[in-house]
Protein chains: 2
Amino acid sequence: MLVDERRHRIAQLVLAHGAMTVAELSRRLGVSAVTIRSDLEALEKQGILKRNRGGAVAPQVLRFAPAFQEKTSLHRQEKERIAELAAQIVEDGEWIILDAGSTTLFLARRLRDRRLTVLVNSVYALNELVGAPNIELIAIGGSLYEPGLSFVGPLAESFLEGLHVDKAFLGVNGVDLRGISVNNAQEAGIKRRMINAAEEVIVLADSSKIGVSSFVTIAPLKRIHVLITDSGAPGELLQEFREAGLEVLVA
Amino acid sequence: MLVDERRHRIAQLVLAHGAMTVAELSRRLGVSAVTIRSDLEALEKQGILKRNRGGAVAPQVLRFAPAFQEKTSLHRQEKERIAELAAQIVEDGEWIILDAGSTTLFLARRLRDRRLTVLVNSVYALNELVGAPNIELIAIGGSLYEPGLSFVGPLAESFLEGLHVDKAFLGVNGVDLRGISVNNAQEAGIKRRMINAAEEVIVLADSSKIGVSSFVTIAPLKRIHVLITDSGAPGELLQEFREAGLEVLVA
DNA sequence: TAAAGTTTTCGTAAGTAAACGTAAGCAAAA
DNA sequence: TTTTGCTTACGTTTACTTACGAAAACTTTA
């Protein structure tokens, strides 16, 4: 048996079983433990598996999203600045929808001492606004979607039916001339309902998302009223957005 | 068993049950307590769980602990026993509604490792069940009512419209021959809807609530199917409940 | 309520057996 | 012959165990 052939089989065995011992692999493939170890070393270098004393395991997929680590959040400073600017366009007494996402979470924090009615779509935002003295806090219900602890599905969507708010603050994965897009179908539906329910739609997207088209397009640009981004976004594209009728604010 | 394999199992056990003791993990995995502790230390570093004296718990999504301090909760032991009995009548695969309240919260904790669809009506219960591997978790939306972080109001009520579940577990403030009652009008409405939505209504009430009539009566006894209480409840009254057609379980 | 005593859990250290890496040696292919 | 891919041999490292003093949590007593 050729080296690569054996290594391929080892990889298959480890991935299929989740874990394999050196002794077991040695027995099954008819080579010594030393050989297996060198194979595992090579496979680990390729990132195919993870070595352990005694054998190897399949790369971990478990990873329970630990309450999304704010501090390590990508583009955190940009998001904070965007949130600050967004907070300025919220007026006291308004009814607003706060979508799930890290940028909108930063916004929630800045709204705690305001007088507002806020519909939130994530457990994190709920957490952030509980106990705020002048906020009438409403949770959009529905199936809990774990990645961002947001509410999705038909129940969430019909919750918004017939509701009307002044502003909706949306987080998205991409904004380009074709519109705004997100990377999963689950959240697409509820975001569309938010857009329908709002008098004014404000999209919060840091510059890494500008010019990007993600999996599902949820609305064309003409359904959006304001885009808030940071100074890292390409100026020409922002100009094109403006010509398409979008108000673009740069934090 | 390889190190990472064992740690993966520990993570699964802790996430499924919400919490695990060092002793129990040691017993189940066949390694010493010292080894378990070092595993927990490693898993905590990865943010997968949180250590505490005696074992580890699943990471809490929310930063606030239940307002009603569990350990000092009035009649805690009775409530725990009631929750235990309630958990026994839940069958895998069912759709259930979990009302807000401390007793139902204890019940939520006992359902973490079951396979269920659960509609919850409080942020605490949501927190308790997030990350449970086999639970489809649905939040009833609506205005947040701070005392118990429960969802109330017309939006919460219409959320339940048209929904149908196998069982609803209700917490109340009083149960007497006239029916079940609670001490505020806000929660009365949503509880009535829960009763309407459920095939079987199970009321959880420790003995301090038996024979008590509170502010708003939400349903007559004939709308209730099962009452679970503790042995401190007066036997004659329970007998009268039974004669009124109620199934009474004493924990 | 506070203090004292008891129990449980924790972290550290020393000991041990299994697994490791390295090196030397051997056989087949280039 | 040299190179490649494997073996066995052996000193080193590692993960785990048991043991024990320290710290924390719970109970009892004043």
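Proteins come first, then strands; the chains are lettered A, B, ... in the order of their sequence lines, and each starts at number 1.
Rounded to whole angstrom, the span from the CG atom of B:Leu2 across to the P atom of D:dT14 amounts to 17 Å. For the pair A:Arg7 CZ and D:dC6 P, the computed distance is 8 Å after rounding to whole Å. Computed from coordinates, the A:Arg6 CZ to D:dT4 C1' distance equals 12 Å when rounded to whole Å. Distance B:Ile10 CD1 to D:dA15 P: 15 Å, rounded to the nearest Å.
The side chain of A:Ser32 places no N or O atom within less than 4.0 Å of a non-bridging phosphate oxygen (OP1 or OP2) of D:dC6. Residue B:Thr35 places at least one side-chain N or O under 4.0 Å from the OP1 or OP2 atom of D:dT17.
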Legend entry - Trace of the side chain to side chain donor-acceptor pair (under 3.5 Å) decision for A:Thr35 with A:Ser38: CA-CA 5 Å; A:Thr35 302; A:Ser38 81; 5.7 Å; no
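Side chain of B:Ser26 to main chain of B:Val31: a donor-acceptor pair is present (N/O by atom type, distance under 3.5 Å, no hydrogens or angles). Using modelled atom types, no side-chain atom of A:Asn52 and backbone atom of B:Leu2 make a donor-acceptor pair closer than 3.5 Å.
The residues B:Arg81 and B:Glu84 are annotated as not salt-bridged, no charged nitrogen and carboxylate oxygen being separated by less than 4.0 angstrom.
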Inset, instruction - If a protein heavy atom is under 4.0 Å from the base, mark B; if only from the sugar-phosphate, S; if neither, -; do that for nucleotides 19-30 of chain C going 5' to 3'. - result: BBSB--------
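Within the 4.5 Å cutoff, the side chain of B:Val123 has heavy atoms near those of the B:Leu144 side chain.
Here the rule is side chain to side chain donor-acceptor pair (under 3.5 Å) with A:Ser102, and of A:His75, A:Arg76, A:Lys79 only A:Lys79 fits it.
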